[in-house]
Amino acid sequence: MGTIYARAATEKTIYDFSVKDIDGKDVPLSTFKGKVLLIVNVASRCGLTTSNYTELSHVYEKYKNQGLEILAFPCNQFGAQEPGSNPEIKQFACTRFKAEFPIFDKVDVNGPNTAPVYQFLKSSAGGFLGDLVKWNFEKFLVDKNGKVVERYPPTTSPFQIEKDIQKLLAA
């Protein structure tokens with residue numbers, strides 16, 4: 001029995017990571033302890049951009065006071081659809097889509113320079129292409145304990161995830 005407890009104590013959660021926000025400030029993800037997290041790799045020039053940013057903003061508005069946080073990570077690895085600088089990305093998301101959820105520093109989600117937080121997400125929830133993030137707007141749902149509970153392909157609408165978010169918020 002002791003080994004089970006020891007192993008559980010060393011299991012990583014999302015809270016073990018620190019990331020940079022879009023303004024370059026360090027943000028320990030433990031800041032979000034006790035919240036349900038929807039983590040998304042975003043892009044400004046993707047065919048999925050308008051629907052995803054619009055729906056993410058609606059979902060965030062609806063559930064942020066109940067304990068949901070959406071964490072957006074810009075990524076330029078898919079069709080070079082996020083070529084801008086951090087200030088340009090922030091301007092785009094916040095002005096065009098009124099995004100109020102946290103947006104972080106541009107990251108790699110695949111390959112040798114994969115951000116550690118994405119290595120964790122992918123190892124916690126294998127996807128259709130194994131460990132690879134398939135495209136922009138792939139989504140990871142994390143429970144209040146910092147564990148990845150679901151992974152959604154890029155074409156999954158944020159509205160389609162609402163039932164899962166509600167379940168975790170109620171838990």
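Keep in mind that the numbers below use all heavy atoms, side chains included, and drop hydrogens, waters and symmetry copies.
For Ala72, the side chain to side chain contact (heavy atoms under 4.5 Å, CB included) partners two or more places apart in sequence, or in a different chain, are Val42, Phe101, Ile103. Lys139 is linked by a side-chain hydrogen bond (donor to acceptor under 3.5 Å, both in side chains) to Asn52, counting only residues two or more places apart in sequence or in another chain. Under the rule for a side-chain hydrogen bond (donor to acceptor under 3.5 Å, both in side chains), the partners of Ser157 that lie at least two apart in sequence or sit in another chain are Glu55. Applying the side chain to side chain contact (heavy atoms under 4.5 Å, CB included) rule to Asp105 yields the partners Lys20, Asn86; only residues at least two apart in sequence or on another chain are considered. Here Lys64 pairs with Tyr60, Glu61, Glu100 under the side chain to side chain contact (heavy atoms under 4.5 Å, CB included) rule; sequence neighbours left out. Listed by chain and residue number, nothing satisfies the ring-ring contact (aromatic ring centres under 6.0 Å, His included) test with Tyr15 (two or more places apart in sequence, or in another chain). For Phe73, the ring-ring contact (aromatic ring centres under 6.0 Å, His included) partners at least two apart in sequence or on another chain are Phe104, Tyr118. Not counting sequence neighbours, Asp21 has no partner by the side-chain hydrogen bond (donor to acceptor under 3.5 Å, both in side chains) test. Evaluation of the side-chain hydrogen bond (donor to acceptor under 3.5 Å, both in side chains) rule for Glu88 yields Ser85 as partners, not counting sequence neighbours. Remark: Tyr63 engages no residue in a ring-ring contact (aromatic ring centres under 6.0 Å, His included) (not counting sequence neighbours).
Checked by atom type and distance alone, the side chain of Thr114 never pairs as donor or acceptor with a backbone atom of Gln119 at under 3.5 Å. Side chain of Asp16 to backbone of Thr13: a donor-acceptor contact under 3.5 angstrom is found.
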Sequence neighbours left out, cut at 3.5 Å: what donor-acceptor pairs do the side chains of residues 29-36 make with other protein atoms?
unit_1 : atom_1 : unit_2 : atom_2 : d
Thr31  : OG1    : Pro28  : O      : 2.5

For residues 75-83, please give each side-chain donor-acceptor pair under 3.5 Å, one per line with the distance, not counting sequence neighbours.
unit_1 : atom_1 : unit_2 : atom_2 : d
Asn76  : OD1    : Gln81  : N      : 3.3
Asn76  : OD1    : Glu82  : N      : 2.8
Gln77  : OE1    : Val109 : N      : 2.6
Gln77  : OE1    : Asn110 : N      : 3.0
Gln77  : NE2    : Asn110 : O      : 2.9
Gln81  : OE1    : Asn136 : ND2    : 2.7
Glu82  : OE1    : Ser44  : N      : 3.4
Glu82  : OE1    : Ser44  : OG     : 2.6
Glu82  : OE2    : Ser44  : N      : 3.3
Glu82  : OE2    : Ser44  : OG     : 3.3

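Contact of the Ile89 side chain with the Lys106 side chain is registered, since non-hydrogen atoms from C-beta on lie closer than 4.5 Å.
Here Asp143 contributes atom CG and Glu150 contributes atom CD; the two are 12.0 Å apart, rounded to the nearest 0.5 Å.
Aromatic rings of Tyr152 and Phe137 (six-membered ring for Trp) have centroids beyond the 6.0 Å cut-off, not under it.
Relative orientation of the Phe159 and His58 rings is tilted, given thresholds of 30° and 60° on the angle between their planes.
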